[in-house]
Engineer: 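Handing you this structure, nothing more for now.
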Amino acid sequence: MAFGVLYDFLVGQTIDAHTYFGAHFGYREKKVGKKTIKEEGVWFRLYAPLADDVSVIGEWNGWDVRADKLTKVDDCGAWETFIPGLHDYQSYKYHFRNARGEYVDKADPFAFYSEYRPQTCSRLFNIEGFIWHDEEWLKNRDRNFDRPMSIYEIHLGSWVGQRDGRYLSYEEVADVLIPYLMETGYTHVEIMPIVQYPFDGSWGYQATGFYSVDSRYGNPFQLMSFVDRLHQAGFGVILDFAPVHFATDYYALREYDGSCLYEYSDPSHTISPWGSAQFDLGKDPVRSFLMSAMNFFLDYFHFDGIRIDAVSNIVYWDGNKNNGENTGATEFIRRLNGKIHYRHPSVMMIAEDSTDFQGVTKPLEYGGLGFDYKWDLGWMNDTLKYYSKDPIYKKWEHNKLTFSMAYFYSENFLLPLSHDEVVHGKGTIINKLWGDYDTKFAQLRNLYTYQYGHPGKKLSFMGNELASFDEWNEQKSLPWNLLSYPKHDSVKRLVRDLNLIYRAEPAMHVEEHNPARFGWTMVDNADQSVFAFQREYGDSDLLFVFNMTGNWYDGYEVGCLRDGIYDEIFNSDKDVYGGWNQYNGLPCQAYPGAPENRPYHISIKLGGFAACIFKRRIEKREKPKVEEEPKEVAKKATIKKPAAKKAPVKKAASTKKRSVKKTAKTK
């Protein structure tokens with residue numbers, strides 16, 4: 001088994017490299033006299049083809065480079081040794097002579113745990129034996145194509161900040177996160193990378209240990225507990241993962257055995273646009289290393305999905321379309337998605353991709369990359385640019401809000417308002433919007449309603465629901481004190497209500513990529529900057545109306561696709577959300593004819609910058625009642641019927657007599 005994994009690792013076909021490489025608690029058979037006993041300890045296995053004179057140094061041997069030597073498994077580059085009597089949390093590194101003849105100390109690329117930064121050693125940890133309680137969740141889990149998926153993106157270290165100079169553990173975060181998710185109505189959490197990384201400002205995207213759980217927040221069992229508790233509470237957990245690049249610290253993967261073992265050897269591609277080292281995704285052992293890392297977190301930590309960062313830098317050389325497709329990297333992605341979906345059919349693979357590369361979410365059998373979802377960064381950019389415009393000029397930008405539906409059915413899209421939009425001087429979401437203080441809040445309420453109304457799964461970064469004017473800072477807690485101000489607290493309530501409507505209405509999440517379920521009812525009204533569309537599935541038929549200017553209307557005629565009565569179930573201008581209370585309290589009757597040649601229209605009150613959701617009443621027809629026969633008649637029929645069927649024709653008379661007798665007796 002071990003050698004099968006090793007062979008598959010070398011040819012880039014395994015997602016189980018972590019079961020062979022790394023530091024594994026186990027045993028070896030040892031002869032004592034005539035008896036064979038099992039000696040407990042740790043197996044150390046390392047992949048370093050050009051290394052020589054390899055030893056493992058650690059706390060148990062006083063960091064003596066001569067004490068515990070590794071032997072070569074064969075000429076493939078794998079080394080191993082067994083050391084008895086070790087225990088959890090002992091620190092270690094590998095010491096060897098590299099291809100340049102230099103002796104170096106390196107962290108274990110497959111370590112399951114690491115020292116807290118700025119320390120750089122790997123640490124022993126037995127990851128076997130955690131007791132899970134999420135069987136029911138896993139049994140019912142799927143990829144959510146026809147389910148609501150509203151994702152709350154979170155950075156664990158800054159969501160509630162530090163206490164007494166330390167980060168909260170995974171379990172301590174779960175204590176406060178679970179009640180908050182229940183209150184706000186999200187369905188999933190996406191946690192920014194939690195593999196080991198040295199620099200806080202990289203947020204985990206430039207890692208040193210791709211199998212090592214981030215020691216800032218605790219050990220692997222604590223992360224397992226975090227996921228287990230969220231599952232028990234009914235929330236999915238998605239892991240953000242960066243397979244494009246890694247930190248350049250020399251104690252880690254950089255020039256690991258003296259060669260470019262993990263990175264590109266071509267100097268023009270070695271360093272990424274972020275200053276980190278780029279994985280050579282065309283190398284088979286690198287492919288196995290990264291595929292196995294993601295499978296490790298799915299296997300051992302029960303994550304429900306993997307969000308792949310910077311897919312644009314995978315499909316194109318250095319992320320530039322003009323440089324052409326990186327075919328070695330796209331083959332890696334196809335292999336990754338195929339193997340993960342085969343092993344974990346209910347796990348989601350999500351691409352953060354800013355390119356127009358075709359077929360990102362198309363199945364592998366049809367030539368696609370095989371992702372389940374793709375971030376619609378085009379929608380995000382166009383939408384935020386539109387909302388930043390003075391309403392006077394919005395009519396010239398009208399297509400920025402209509403264009404997304406022109407390409408929506410080409411991929412399985414997810415609509416993100418992520419951490420990338422609230423850092424590095426870009427301003428927070430509310431800061432990007434045009435207008436004075438009150439107008440910004442009105443537009444923010446409109447924007448969030450538009451995000452939920454538009455087809456596609458939803459993602460929002462932590463703090464967006466607080467309407468913070470301060471950019472996110474990984475060193476600080478979110479400004480929770482804002483909730484003491486009615487304007488900010490009202491935005492949180494609006495997000496909660498949108499989540500509840502989104503989850504309750506099938507029209508907002510079932511068959512989103514079926515064009516028959518969506519129809520524009522007002523799409524060309526650039527002069528007034530009013531948009532409307534209708535979404536329908538079964539008994540759920542919703543009409544969404546958006547006023548993108550401060551003008552308000554007392555009897556505005558908006559088109560609808562079907563006759564009937566429409567009830568307003570949501571209005572962003574209501575006072576409970578901080579608005580001016582221009583809402584429709586009474587049902588709206590549809591009448592024939594409408595602007596833009598729609599078949600029907602309703603007349604509504606439409607507040608400035610208001611977003612409304614109407615639900616069409618659907619009368620449920622009662623099933624016709626079947627009148628029951630009197631019991632006596634039914635009983636007679638029951639007696640006569642079998643006799644008539646079974647009796648031969650020639651004995652019809654005698655059968656009739658018996659039947660009469662029985663009937664008489666029954667009476």
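In what follows, every heavy atom counts, from backbone to side chain, and hydrogens, waters and symmetry copies are set aside.
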Engineer: May I have the step-by-step check of salt bridge (Lys or Arg N to Asp or Glu O under 4.0 Å) for Asp420 and Lys426, ending in yes or no?
Structural biologist: CA-CA 9 Å; Asp420 282 328; Lys426 298 175 187 175; 5.2 Å; no

Engineer: Decide if the gap between the ring center of Phe546 and the ring center of Phe533 is smaller than 6.0 angstrom.
Structural biologist: yes

Engineer: What I'd like to find out is whether the side chain of Leu156 reaches to under 4.5 Å of the side chain of Asp214, using heavy atoms alone.
Structural biologist: no

Engineer: Nearest 0.5 Å, please: how far is NE2 in His454 from CG in Asp376?
Structural biologist: 7.0 Å

Engineer: Looking only at non-hydrogen atoms, find the nearest pair between Ala594 and His601 and report the distance.
Structural biologist: CB-CB, 3.5 Å

Engineer: Please identify which of these residues, Leu415, Asn499, Leu414, Thr187, meets the side chain to side chain contact (heavy atoms under 4.5 Å, CB included) condition with Lys458.
Structural biologist: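 Running side chain to side chain contact (heavy atoms under 4.5 Å, CB included) over Leu415, Asn499, Leu414, Thr187 with Lys458 returns exactly one hit, Leu415.
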
Engineer: So with a 6.0 Å cut-off around NZ of Lys362, is the heavy-atom count from everything else above 12?
Structural biologist: no

Engineer: Quick one: do the Asp240 and Tyr205 side chains pair a donor with an acceptor below 3.5 Å?
Structural biologist: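 Yes - a donor-acceptor pair under 3.5 Å links their side chains.
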
Engineer: Taking atom types as modelled, find out whether Ser215 and Gln196 have a side-chain donor-acceptor pair closer than 3.5 angstrom.
Structural biologist: yes

Engineer: Applying ring-ring contact (aromatic ring centres under 6.0 Å, His included) to Trp159 and Trp472, what does each step give before you reach the verdict?
Structural biologist: CA-CA 10 Å; Trp159 188 64; Trp472 169 59; over 10 Å; no

Engineer: For the residue pair Ala174 and Pro179, what are the closest heavy atoms and their distance?
Structural biologist: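 Looking at all heavy atoms of both residues, the shortest contact is O-CD, 4.1 Å.
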
Engineer: Just by distance, with hydrogens left out, do Tyr583 and Asp575 show a side-chain donor and acceptor under 3.5 Å apart?
Structural biologist: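 No, because no side-chain N or O of Tyr583 sits under 3.5 Å from a partner of the opposite role on Asp575.
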
Engineer: What about His398 and Phe531, are their ring centers closer than 6.0 Å?
Structural biologist: yes

Engineer: Tell me yes or no: between the side chains of Ser468 and Asp470, is some donor less than 3.5 Å from an acceptor?
Structural biologist: no

Engineer: Is the centre of the Tyr452 ring less than 6.0 Å from the centre of the Tyr448 ring?
Structural biologist: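 Distance test on ring centres: not under 6.0 Å, no.
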
Engineer: Decide side chain to side chain contact (heavy atoms under 4.5 Å, CB included) for Thr521 and Phe544; before the verdict, give the C-alpha distance in whole Å, the side-chain angles of both, and the deciding distance to 0.1 Å.
Structural biologist: CA-CA 9 Å; Thr521 63; Phe544 300 83; over 6 Å; no

Engineer: Which residue in the set Leu606, Val545, Ile604, Ile602 passes side chain to side chain contact (heavy atoms under 4.5 Å, CB included) when paired with Asn584?
Structural biologist: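 One option only clears the test, and that one is Ile604.
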
Engineer: Report yes or no: do Glu505 and Ser540 form a side-chain donor-acceptor pair below 3.5 Å?
Structural biologist: yes

Engineer: Does a side-chain heavy-atom distance below 4.5 Å link Phe226 with Tyr217?
Structural biologist: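 Not in contact.
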
Engineer: When you look at Arg166 and Glu172, which way does the side chain to side chain contact (heavy atoms under 4.5 Å, CB included) test go after all the steps?
Structural biologist: CA-CA 12 Å; Arg166 69 169 181 87; Glu172 289 174 315; 2.9 Å; yes

Engineer: Decide whether Glu474 and His155 meet the rule of one side-chain donor and one side-chain acceptor closer than 3.5 Å.
Structural biologist: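 Not at all, the side chains of Glu474 and His155 share no donor-acceptor pair under 3.5 Å.
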
Engineer: Please lay out, stage by stage, how Leu298 and Ile306 fare under the test side chain to side chain contact (heavy atoms under 4.5 Å, CB included).
Structural biologist: CA-CA 8 Å; Leu298 297 174; Ile306 302 283; 4.0 Å; yes

Engineer: Is it the case that the ring center of Phe570 lies less than 6.0 angstrom away from the ring center of Tyr577?
Structural biologist: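 Ring-ring flag for Tyr577/Phe570: true, centres closer than 6.0 Å.
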
Engineer: Work out which heavy atom in Gly607 is nearest to a heavy atom in Asn547; give both atom names and the distance.
Structural biologist: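 Heavy-atom minimum between the residues: O-ND2, 2.9 Å.
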
Engineer: Is any side-chain N of the basic residue among Lys487 and Asp438 closer than 4.0 Å to the acidic one's carboxylate O?
Structural biologist: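 Counted as a salt bridge, because a side-chain N and a carboxylate O are separated by less than 4.0 Å.
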
Engineer: Which heavy atom of Ile429 sits nearest a heavy atom of Leu417, and at what distance?
Structural biologist: CD1-CD2, 4.3 Å

Engineer: Taking Gly579's backbone N and O only, do any of them form a donor-acceptor pair with Lys574's side chain (distance below 3.5 Å, no angle check)?
Structural biologist: no

Engineer: Cut-off 3.5 Å, side chains only: do Asn144 and His509 have a donor facing an acceptor?
Structural biologist: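 There is no such pair between these side chains.
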
Engineer: Determine whether Val311 and Phe371 make a side-chain contact, defined as any pair of heavy atoms from C-beta on separated by less than 4.5 Å.
Structural biologist: yes

Engineer: Is a donor from one side chain sitting under 3.5 angstrom from an acceptor on the other, for Arg445 and Ser572?
Structural biologist: no

Engineer: Could you tell me whether His302 and Trp137 have their ring centroids closer than 6.0 angstrom?
Structural biologist: no

Engineer: Is it true that Lys605 and Glu568 have a side-chain N and a carboxylate O under 4.0 angstrom from each other?
Structural biologist: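 Looking at Lys605 and Glu568, the cut-off is not met.
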
Engineer: Ignoring hydrogens and angles, tell me if any N or O in the side chain of Arg598 forms a donor-acceptor pair with the backbone of Trp520 under 3.5 Å.
Structural biologist: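 Yes: the side chain of Arg598 pairs with the backbone of Trp520.
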
Engineer: Start with the C-alpha gap between Trp375 and Tyr373, add the side-chain angles, then the distance that decides, and say whether ring-ring contact (aromatic ring centres under 6.0 Å, His included) holds.
Structural biologist: CA-CA 7 Å; Trp375 279 24; Tyr373 298 100; over 10 Å; no

Engineer: May I ask you to check whether over 12 heavy atoms, not counting those of Tyr537, lie within 6.0 Å of atom OH?
Structural biologist: no

Engineer: Work out which heavy atom in Thr383 is nearest to a heavy atom in Tyr450; give both atom names and the distance.
Structural biologist: OG1-CE2, 3.7 Å

Engineer: Assess whether atom NZ of Lys476 is packed by more than 12 heavy atoms of other residues, nucleotides or ligands within 6.0 Å.
Structural biologist: no

Engineer: Give, for atom NE2 of His231 and atom CD of Glu136, the distance between the pair rounded to the nearest 0.5 Å.
Structural biologist: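 His231 NE2 to Glu136 CD: 13.0 Å, rounded to 0.5 Å.
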
Engineer: Tell me whether the count of non-hydrogen atoms from other residues, nucleotides or ligands lying under 6.0 Å of OH in Tyr409 goes above 12.
Structural biologist: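 More than 12 heavy atoms, drawn from other residues, nucleotides or ligands, come within 6.0 Å of this atom.
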
Engineer: Can you tell me how far the CG atom of Leu181 sits from the CG atom of Leu230, to the nearest 0.5 Å?
Structural biologist: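 Output value for this atom pair is 6.5 Å.
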
Engineer: Measure from the side-chain N and O atoms of Arg517 to the backbone N and O of Met508, and report whether any donor-acceptor pair falls under 3.5 Å.
Structural biologist: no

Engineer: Which value, rounded to the nearest 0.5 Å, describes the distance between Asn399 atom CG and Asp382 atom CG?
Structural biologist: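 Taking CG in Asn399 and CG in Asp382, the distance rounds to 7.5 Å.
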
Engineer: Please determine whether the number of non-hydrogen atoms from other residues, nucleotides or ligands lying under 6.0 Å from atom OH of Tyr393 exceeds 12.
Structural biologist: no

Engineer: Please confirm whether His419 and Trp203 have ring centers closer than 6.0 angstrom.
Structural biologist: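 They qualify: ring centres under 6.0 Å apart.
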
Engineer: For residues Asn446 and Met548, determine if any side-chain heavy atom of one lies less than 4.5 Å from a side-chain heavy atom of the other.
Structural biologist: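 Yes, close enough: below the 4.5 Å cut-off.
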
Engineer: State whether Tyr386 and Lys400 meet the cation-pi test: NZ (Lys) or CZ (Arg) under 6.0 Å from the six-membered ring centroid, and within 45° of the perpendicular axis.
Structural biologist: no

Engineer: Hey, is NZ on Lys492 packed in by over 12 heavy atoms from elsewhere, all under 6.0 Å?
Structural biologist: yes

Engineer: Between Lys394 and Glu397, is there a salt bridge with N-O shorter than 4.0 Å?
Structural biologist: no

Engineer: Donor-acceptor pair, distance only, cut-off 3.5 Å: does the side chain of Tyr170 make one with the backbone of Asn219?
Structural biologist: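 Side chain of Tyr170 to backbone of Asn219, a donor-acceptor pair under 3.5 Å: no, none is there.
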
Engineer: With rounding to the nearest 0.5 angstrom, report the CG to CG distance, Asp372 to Asn412.
Structural biologist: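 If we round to the nearest 0.5 Å, Asp372:CG and Asn412:CG are 7.5 Å apart.
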
Engineer: Do Leu444 and Asn464 pass the side chain to side chain contact (heavy atoms under 4.5 Å, CB included) test, and can you show the C-alpha distance, the side-chain angles, and the key distance before you say yes or no?
Structural biologist: CA-CA 10 Å; Leu444 186 70; Asn464 286 350; over 6 Å; no

Engineer: Could you tell me the separation between the CG atom of Asp567 and the CD1 atom of Ile613, rounded to the nearest 0.5 Å?
Structural biologist: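 Answer rounded to 0.5 Å: 13.5 Å.
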
Engineer: Is there a donor in the side chain of Asp228 and an acceptor in the side chain of Ser225, or the other way round, less than 3.5 Å apart?
Structural biologist: no

Engineer: When the ring centroid of Phe614 is compared with that of Tyr566, is the distance short of 6.0 Å?
Structural biologist: no

Engineer: Any ion pair linking Arg535 and Glu512 (charged N to carboxylate O, less than 4.0 Å)?
Structural biologist: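 Between Arg535 and Glu512 there is a salt bridge, with a charged N closer than 4.0 Å to a carboxylate O.
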
